[in-house]
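Each chain gets a letter, A, B and so on, in the order its sequence line appears, and its residues count up from 1.
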Protein chains: 2
Amino acid sequence: MKKVLIVEDERDLAELLAYNLEKEGYQALVTGTGLEGLETARRELPDLILLDLMLPGMMGTEVCSSLRHSDKTRGIPVLMLTARGDEIDRVVGFEMGADDYIVKPFSMRELMLRIRAILRRSGQEPLNSERQITMGTIVIDCGSHRVTVAGVEIELTSTEYKLLLYLAEHNGRVMKRELLLQDVWGYNFVGDTRTVDTHVTRLRNKLGDAGDMIKTVRGFGYKLEE
Amino acid sequence: MKKVLIVEDERDLAELLAYNLEKEGYQALVTGTGLEGLETARRELPDLILLDLMLPGMMGTEVCSSLRHSDKTRGIPVLMLTARGDEIDRVVGFEMGADDYIVKPFSMRELMLRIRAILRRSGQEPLNSERQITMGTIVIDCGSHRVTVAGVEIELTSTEYKLLLYLAEHNGRVMKRELLLQDVWGYNFVGDTRTVDTHVTRLRNKLGDAGDMIKTVRGFGYKLEE
DNA sequence: CACTGGTGTAACAAGTCTGTAACCTTGCTC
DNA sequence: GAGCAAGGTTACAGACTTGTTACACCAGTG
């Protein structure tokens with residue numbers, strides 16, 4: 001049975017998470033502070049850690065980087081829970097090495113799906129944070145959040161990066177605007193689907209010649225293809 | 001057509017919801033109590049349930065957990081309507097297995113978007129994404145929306161693509177024009193059946209040699225056959 | 001407090017699709 | 001073969017989609 005460690009100071013939420021994880025067949029361990037979380041992680045070596053970004057005493061980011069400093073815990077995937085979407089940009093800037101994040105309030109079903117996805121992935125493939133995706137001349141380095149086109153680094157905003165990564169992860173598949181809004185912008189984002197168009201334009205511009213790789217599929221959405 | 005069950009005791013709100021849902025093209029069923037809601041859910045097996053947390057007689061949470069106890073209704077997504085944004089409500093709702101929640105008063109637009117989001121996720125997405133259909137020299141790749149004839153890619157408009165896909169999915173069976181209009185064009189489309197003819201012509205042209213594979217069955221409709 | 005970079009929305013311009021109607025062709029019945 | 005009905009084809013105006021630009025707003029920063 002897979003072990004999942006929860007590091008979350010809101011007791012209600014922590015218990016709710018534990019309840020749902022156990023219902024899904026995982027073993028749940030709960031801790032309320034960053035220090036406890038670290039100790040438990042070292043002792044129990046869980047398969048996944050759910051880590052609140054805002055913790056009393058020690059920030060989730062610190063916990064995360066401490067985990068990354070020890071060989072024993074380095075490989076454990078971390079899923080960050082954050083209160084607001086903007087916080088995550090800072091985290092991303094810190095190049096912390098969380099494998100995924102989810103913004104509160106989130107749907108329990110979505111969280112469970114992501115957990116399942118991460119655990120499935122951690123079995124076989126190298127971790128998300130160390131992955132590198134290549135599509136034609138575009139290279140996305142997931143660890144450093146760096147994107148190069150034909151060897152030249154380009155600057156992307158966080159939304160642009162997420163959009164590109166999402167399209168690249170779904171290599172060649174057509175993604176509907178609604179789906180992009182849901183998965184790139186977030187589950188609870190309410191907005192115009194034209195927002196996607198605007199960002200695609202911006203992304204294409206920044207990608208230069210490689211911008212052509214983002215294809216419009218009229219009536220359906222967009223895809224990234226070589 | 002997707003069915004949405006509303007369980008809400010405030011008649012005005014229930015009717016407002018029903019009205020808006022129908023405007024969006026869903027079929028709305030309305031019940032006013034938890035018990036009725038449960039019965040209707042079991043009988044009608046809706047695609048989504050909008051559930052008020054505060055109901056006379058039986059709380060929304062009870063309804064929700066009852067739904068989760070039966071195999072038939074377990075998979076139906078539930079969207080909770082709550083009067084206040086208290087954490088407790090959210091926790092309780094999630095614990096019982098609600099998929100999302102929205103706090104009153106909410107904007108109708110946001111609700112509709114969330115509903116669409118939930119239905120999209122639960123329904124069609126995984127179905128078509130990886131499939132490839134081959135009919136003679138025609139290959140339809142559902143993921144990338146790419147169609148090739150004898151290895152050569154051809155450009156189809158969205159209606160043409162949907163029409164071809166539909167015929168291919170009903171391999172060899174004769175499809176009446178009315179049925180095509182309903183399933184390819186959409187349930188609420190009212191139009192001339194000759195519209196189908198026009199598109200079949202266009203499709204045949206684009207398919208080139210393989211255009212012959214779309215056979216006319218005089219007096220009935222069309223079929224796609226090798 | 002001004003400034004800046006990032007976003008989402010609105011608005012407009014192209015350009016593409018598409019339903020309809022009109023006219024032509026084919027196949028069937030007698 | 002005539003007459004007729006069903007299907008094929010074509011042209012076109014209007015509807016719809018998408019690309020692009022501009023702009024207002026927000027948060028962070030100096």
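Summarising the geometry, the separation between CG on B:Leu181 and P on C:dT20 is reported as 9 Å, rounded to the nearest angstrom. Atom NZ of B:Lys176 and atom P of D:dG7 are 13 Å apart (whole Å). Atom CD of A:Glu155 is separated from atom C1' of C:dT4 by 15 Å (rounded to the nearest Å). The nearest whole Å value for the distance from the CG atom in B:Leu180 to the P atom in D:dG7 is 12 Å. Computed from coordinates, the B:Lys162 NZ to C:dT18 P distance equals 8 Å when rounded to whole Å. One can place NE2 of B:His199 at 15 Å from C1' of C:dA21, the figure rounded to the nearest angstrom. In this structure, the CG atom of B:Asp192 is 12 Å from the P atom of D:dG7, given to the nearest Å.
Using a cut-off of 4.0 Å between Lys/Arg side-chain N and Asp/Glu carboxylate O, A:Glu155 and A:Lys206 are scored as not salt-bridged. A salt bridge does not link B:Lys176 to B:Glu178: none of the charged nitrogens lies less than 4.0 Å from a carboxylate oxygen.
Counting only heavy atoms from C-beta outward, the side chains of A:Glu160 and A:Thr157 approach each other to under 4.5 Å. Side-chain contact between B:Tyr222 and B:Val217 is absent, with no heavy-atom pair separated by less than 4.5 Å.
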Atom pairs under 3.5 Å, N or O on each side, protein against nucleotides 16-22 of chain D: can you list them with distances?
from   : atom 1 : to       : atom 2 : distance (Å)
D:dT17 : O4'    : A:Arg218 : NH1    : 3.3
D:dT17 : O2     : A:Arg218 : NH2    : 3.2
D:dT18 : OP1    : A:Gly219 : N      : 2.8
D:dT18 : OP2    : A:Arg177 : NH1    : 3.2
D:dT18 : OP2    : A:Arg177 : NH2    : 3.3
D:dT18 : O5'    : A:Arg177 : NH2    : 3.4
D:dG19 : OP1    : A:Arg204 : NH1    : 2.9
D:dG19 : OP1    : A:Thr216 : OG1    : 2.6
D:dG19 : OP2    : A:Tyr222 : OH     : 2.5
D:dG19 : N7     : A:Arg194 : NH2    : 2.6
D:dG19 : O6     : A:Arg194 : NH1    : 3.4
D:dG19 : O6     : A:Arg194 : NH2    : 3.0

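At least one side-chain nitrogen or oxygen of A:Ser158 sits closer than 4.0 Å to the OP1 or OP2 atom of C:dT7. For A:Thr159 and C:dG6, the shortest distance from a side-chain N or O to OP1 or OP2 is not below 4.0 Å. The shortest distance between the side-chain N/O atoms of B:Trp185 and the OP1/OP2 oxygens of C:dG19 is below 4.0 Å.
B:Arg177 pairs in a salt bridge (Lys or Arg N to Asp or Glu O under 4.0 Å) with only one of the listed residues (B:Asp197, B:Asp183, B:Asp192), which is B:Asp197.
Taking the six-membered ring where the residue is Trp, A:Phe220 and B:Tyr161 present perpendicular rings, their angle passing 60° and hence far from 30°.
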